[in-house]
Structures are given as C-alpha cells and as structure tokens.
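This report concerns only the one structure given below.
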Amino acid sequence: MKRMLFCFFSLCLYVAVQAQQRTITVSNSLTQGREELIEIPWTQVMNAFSSLDTANFKVINATTKKEYPYQLEYKGTSQVQHLLVQLSIPAKGAVRLQLVKGKAKPVVAKTFCRYVPERKDDFAWENDRIAHRMYGRALEKTPGEMAYGVDVWVKRTDRLVINERYRIGEYHVDHGDGMDYYHVGLTLGAGSIAPYIHDTIWFPRNYSEWKVLDNGPLRSTFQVGYDEWTAAGRKVKVKKTISIDAGSQLSKNEVIFETEANDPLPVVTGIIKRKEAGEMLLNEKEGILAYWEPKHGEDGITGVACIMKTPVSQMLVTGEHLLAKTAAQSKIPLIYYSGAAWNKAGLILSASDWFRYLQGFQKSITDPINITIK
C-alpha cells in the first residue's frame, strides 16, 4: 500500500514538473518585427498546464525570465476563452513563454469601452493610441446633431481619456492630450458599414442595444445591435462586435447582417472625404482603403483606414466617401479592421508613414503568428 502511494505521489510530482517545464513558442515568419496581442485558446493552455492556478500565475520569457502582461478573455461568457499576451516578436524570430506559479505584476489598463448615457447614448472605446465613439438612438431626438458613422477622438497620450473628456465636456478643445475635431454627420465616418444598393448607401438608424464582452486591460470588446430597417425594399438587421487591442491603431469589426433573402447583400465600408485635397490609397487586391486627410488648421492631420478580410469587388471615390464594396452573407460574420492615426501624436507623421503602417498590419492579418505548446 505504501509503495502504491509512493508511486502515485511520484507520478503527480512528475506530471506537475513536466507541466511547469512546458513552453509556448510564438513564431513570426514575416521579415518585419511585430508587436501584437497574441491570443492562445484557453483549452490548449489548460491541456498543457493542467495544474495551473488561474488566480496565481505569471507569463514569463523562458530564456530571460522577463514577465509579460496578460489578460484572460471571456468574450461575454462565464468561462475563459483565450489567454491574451502582449509581445514583441522579432523578424523571422520567436519568443518562448512559460506559465509559472506566482503573483503577476499589476497590468496598467491600455484599453477601455463604455456606454455613455449622459451624452445621448454614445458608445465610446479607446486604447493607448486612439479613441472612437458611435451614436445611439437618443441623438436622433436632437435636431441638427444627427450622425451615423464612427467618430475619431485623436490622442497624443497613452493614458485612457474617455471618462475625463466626458466629465469635462470640452472634448472639442485640446487640453494637451488630444481632442475631437473629426466631422461625421450623415456619413459612414471613420469606417462604418452599410448596405449599398443602386449606388446608394442605405443607413440604419443608430444602435439600439449594447453589451460589453470584455473590458481591458489589454483588449476591450463590445457588441451593438440595430433595429431592422429596409434597404431598397429588403429588410435588414445587423449586429456588430468591435474590439480594440493595446498598441494598435485599428479596431476589429465582426459584423453579422441578417436578411430574408439568401442572396448576398451588397455592402460598403467607407470613410468620409473632405472637400480639400487629401492623399488616398485604394488597394483592392490587399483590401486596404486609406485616407490621409487634408490638414485641419492647427488641429493637425488625421489618417483613417479600413482593411478588409472579405474580398473587395471594387473601391471607389464619390463626392462624399471613399468606399470599399463587398458582399455579406446572411448570418455569416464579415470581418474588417478600421481605425485612425493623428500626426500630432508623433508616431505616424505622414501619408507614407500611415500607408506603410497599414501594409504591415495587413501582412500580420494574412500571415498570423504561429503558436505551439510543447
């Protein structure tokens, strides 16, 4: 009996040691270095690290023992879905991670989102680079203020500023950390999406429901839903899931349209165009729609972009928009990325900088990080 117990405890110790020695290898096949928030399926983590205490572990570099910030992502459920780790991976290189017992260092929040009932049902989100908002139904009751698309709040700080700006109520004034000078109006703004039939954009009303799925510190995700409307005689509903990662200029949009017909629904993502000349990039092959706006007086210059994962049939410039045409299948997610940059933030200073950033981002989408656990 004692021998059996000894063997049992020896086996448990062996399994625990083996689990502790396992490594997660994060590989980058691109010829450019990349800083990303990598996501590791939680089921794979638990299979490899079965004795892991989810309330008491650190993510470290297997060689240098450097500790990395992480987040457990729930995606609106009661169970962990992903382990998110913020990493810099060298060109054609790899980083080896270990999960070890111990109290992790506090992670400074770099993303945030929230419903803003005190400002006519806005929904706002941000990270350490940029901020955005979209508009709720309450705004429709205010004559002359109605807007459809996505707004941009430029930033030149890595602090989270949304709550502060709403509290002060002067977000059209730069108090040293940025401002809101971006005009949306009755357009798609900075990368919204809508049906496009008979050369017409069929806008919905503003969002009518919302839900926060995760809220930082490294990724914030929320959903907004829209009431049914009619697009050229076709009834349409839509739900959008939007997430923003620390360190990224772009948000991920997962959009599900519902229609009665089985035929694909023609849609466009778009960017409002200014009257003055700006610089444009319409790359249909790689799905990059980008705009470097004309200078807005002392406020500086905003770059805006969409990167499509769905094949683009055409990109075009109208009197009001830059548009990327594609098609949505009913109840099947359509994924694209949208976002902005500000020259006065000091990171992206010109159109060539902006277009180069977007081309690198597009490569990271088409050639994702490879993750193995051994």
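No hydrogens, no waters, no symmetry mates; every other heavy atom, side chains included, goes into these values.
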Legend entry - Side chains of Ser192 and Lys240, donor plus acceptor under 3.5 Å: yes

Inset, instruction - Compute whether any side-chain donor of one residue and acceptor of the other, for Ser29 and Asp367, lie under 3.5 angstrom apart. - result: yes

Legend entry - Atom of Glu39, atom of Leu84 and distance for their closest heavy-atom approach: CB-CD2, 3.4 Å

Inset, instruction - Answer yes or no: is there a donor N or O on one side and an acceptor on the other, between the side chain of Thr318 and the main chain of His321, under 3.5 Å? - result: yes

Legend entry - Heavy-atom closest contact (Leu289 atom, Ile271 atom, distance): O-CD1, 3.7 Å

Inset, instruction - Report the C-alpha separation of Arg137 and Asp227 in whole Å, then their side-chain angles, then the decisive distance to 0.1 Å, and conclude whether the salt bridge (charged side-chain N to carboxylate O under 4.0 Å, His left out) test is met. - result: CA-CA 10 Å; Arg137 293 292 291 274; Asp227 290 344; 2.6 Å; yes

Inset, instruction - Sequence neighbours left out, what passes salt bridge (charged side-chain N to carboxylate O under 4.0 Å, His left out) with Glu298? Give chain and number order. - result: none

Inset, instruction - Check whether any side-chain N or O of Tyr336 sits under 3.5 Å from a backbone N or O of Gly191 as a donor-acceptor pair, and report yes or no. - result: yes

Inset, instruction - Assess whether side-chain contact (heavy atoms from CB on, under 4.5 Å) is satisfied between Val267 and Leu334, documenting all intermediate values. - result: CA-CA 10 Å; Val267 298; Leu334 183 156; 4.0 Å; yes

Legend entry - Arg165/Asp177 ion pair, N-O < 4.0 Å: yes

Legend entry - Candidates Phe112, Tyr115, Phe222 - the one meeting ring-ring contact (aromatic ring centres under 6.0 Å, His included) with Phe123: Phe222

Inset, instruction - Classify the side-chain pair Arg114/Asn163 by whether it contains a donor and acceptor separated by less than 3.5 Å. - result: yes

Legend entry - Under 3.5 Å side-chain donor-acceptor pair for Trp125 and Ser251: yes

Legend entry - Check: Ala147 main-chain N/O paired with Asn206 side-chain donor or acceptor under 3.5 Å: yes

Legend entry - Stepwise side-chain contact (heavy atoms from CB on, under 4.5 Å) check, Lys273 with Val317: CA-CA 8 Å; Lys273 183 170 71 72; Val317 180; 3.6 Å; yes

Inset, instruction - Give the minimum heavy-atom separation between Asn215 and Ser220, together with the two atoms involved. - result: OD1-OG, 3.0 Å

Legend entry - Donor-acceptor side-chain pairing of Thr221 and Asp214 below 3.5 angstrom: no

Inset, instruction - Establish, yes or no, whether a centroid distance under 6.0 Å links the rings of His82 and Trp42. - result: no

Inset, instruction - With sequence neighbours left out, write down each residue that passes side chain to side chain donor-acceptor pair (under 3.5 Å) with Arg356, or none if nothing qualifies. - result: Asp353

Inset, instruction - Would you confirm whether Trp202, through its side chain, and Ile197, through its main-chain N or O, come within 3.5 Å as a donor-acceptor pair? - result: yes

Inset, instruction - Assess Arg274 against Tyr182: is NZ or CZ under 6.0 Å from the centre of the six-membered ring, and within 45 degrees of the ring's axis? - result: yes

Legend entry - Atom CG of Asn56: over 12 foreign heavy atoms under 6.0 Å: yes

Inset, instruction - Using a 4.5 Å cut-off on heavy atoms from C-beta on, say whether the side chain of Arg96 contacts that of Val26. - result: no

Legend entry - Distance-only donor-acceptor check, side chains Tyr181 and Thr302, under 3.5 Å: yes

Legend entry - Derivation and outcome, side-chain contact (heavy atoms from CB on, under 4.5 Å), residues Ile335 and Asn253: CA-CA 6 Å; Ile335 296 173; Asn253 300 263; over 6 Å; no

Legend entry - Side chain Gln223, main chain Leu213, donor-acceptor under 3.5 Å: no

Legend entry - Check against salt bridge (charged side-chain N to carboxylate O under 4.0 Å, His left out), Lys155 and Glu126: CA-CA 10 Å; Lys155 294 176 61 173; Glu126 67 176 318; 2.9 Å; yes

Inset, instruction - Using distance alone, with no hydrogens and no angle criterion, decide if Tyr135 and Asp122 have a side-chain donor and acceptor under 3.5 Å apart. - result: no

Inset, instruction - Show your working on side-chain contact (heavy atoms from CB on, under 4.5 Å) between Ile272 and Leu188 and close with a plain yes or no. - result: CA-CA 6 Å; Ile272 184 173; Leu188 294 170; over 6 Å; no

Inset, instruction - Determine yes or no for a side-chain-to-main-chain donor-acceptor pair under 3.5 angstrom, with Ser50 supplying the side chain and Asn47 the backbone. - result: no

Inset, instruction - Could you tell me whether Lys237 atom NZ has more than 12 heavy atoms of other residues or ligands within 6.0 Å of it? - result: no

Inset, instruction - Mind jotting down which residue pairs meet the salt bridge (Lys or Arg N to Asp or Glu O under 4.0 Å) criterion with at least one end in residues 67-85? Sequence neighbours excluded, please. - result: Glu73-Arg219

Legend entry - Gln98 versus Thr23, side-chain donor and acceptor atoms under 3.5 Å: no

Legend entry - CA sep, side-chain torsions, deciding dist, call: Tyr68, Asn61, side-chain hydrogen bond (donor to acceptor under 3.5 Å, both in side chains): CA-CA 8 Å; Tyr68 296 105; Asn61 187 298; 2.9 Å; yes

Legend entry - Distance-only side-chain donor-acceptor flag, Gln314 / Lys325, under 3.5 Å: yes

Legend entry - Student check: side-chain heavy atoms of Val95 and Pro90 closer than 4.5 Å: yes

Inset, instruction - May I ask you to test the Tyr196-Leu323 pair for a side-chain heavy-atom distance under 4.5 Å? - result: yes

Inset, instruction - Decide whether Arg34 and Asn28 meet the rule of one side-chain donor and one side-chain acceptor closer than 3.5 Å. - result: yes

Legend entry - Side-chain donor/acceptor of Asp121 to backbone N/O of Ala138, under 3.5 Å: yes

Inset, instruction - May I ask you to check whether over 12 heavy atoms, not counting those of Lys285, lie within 6.0 Å of atom NZ? - result: no

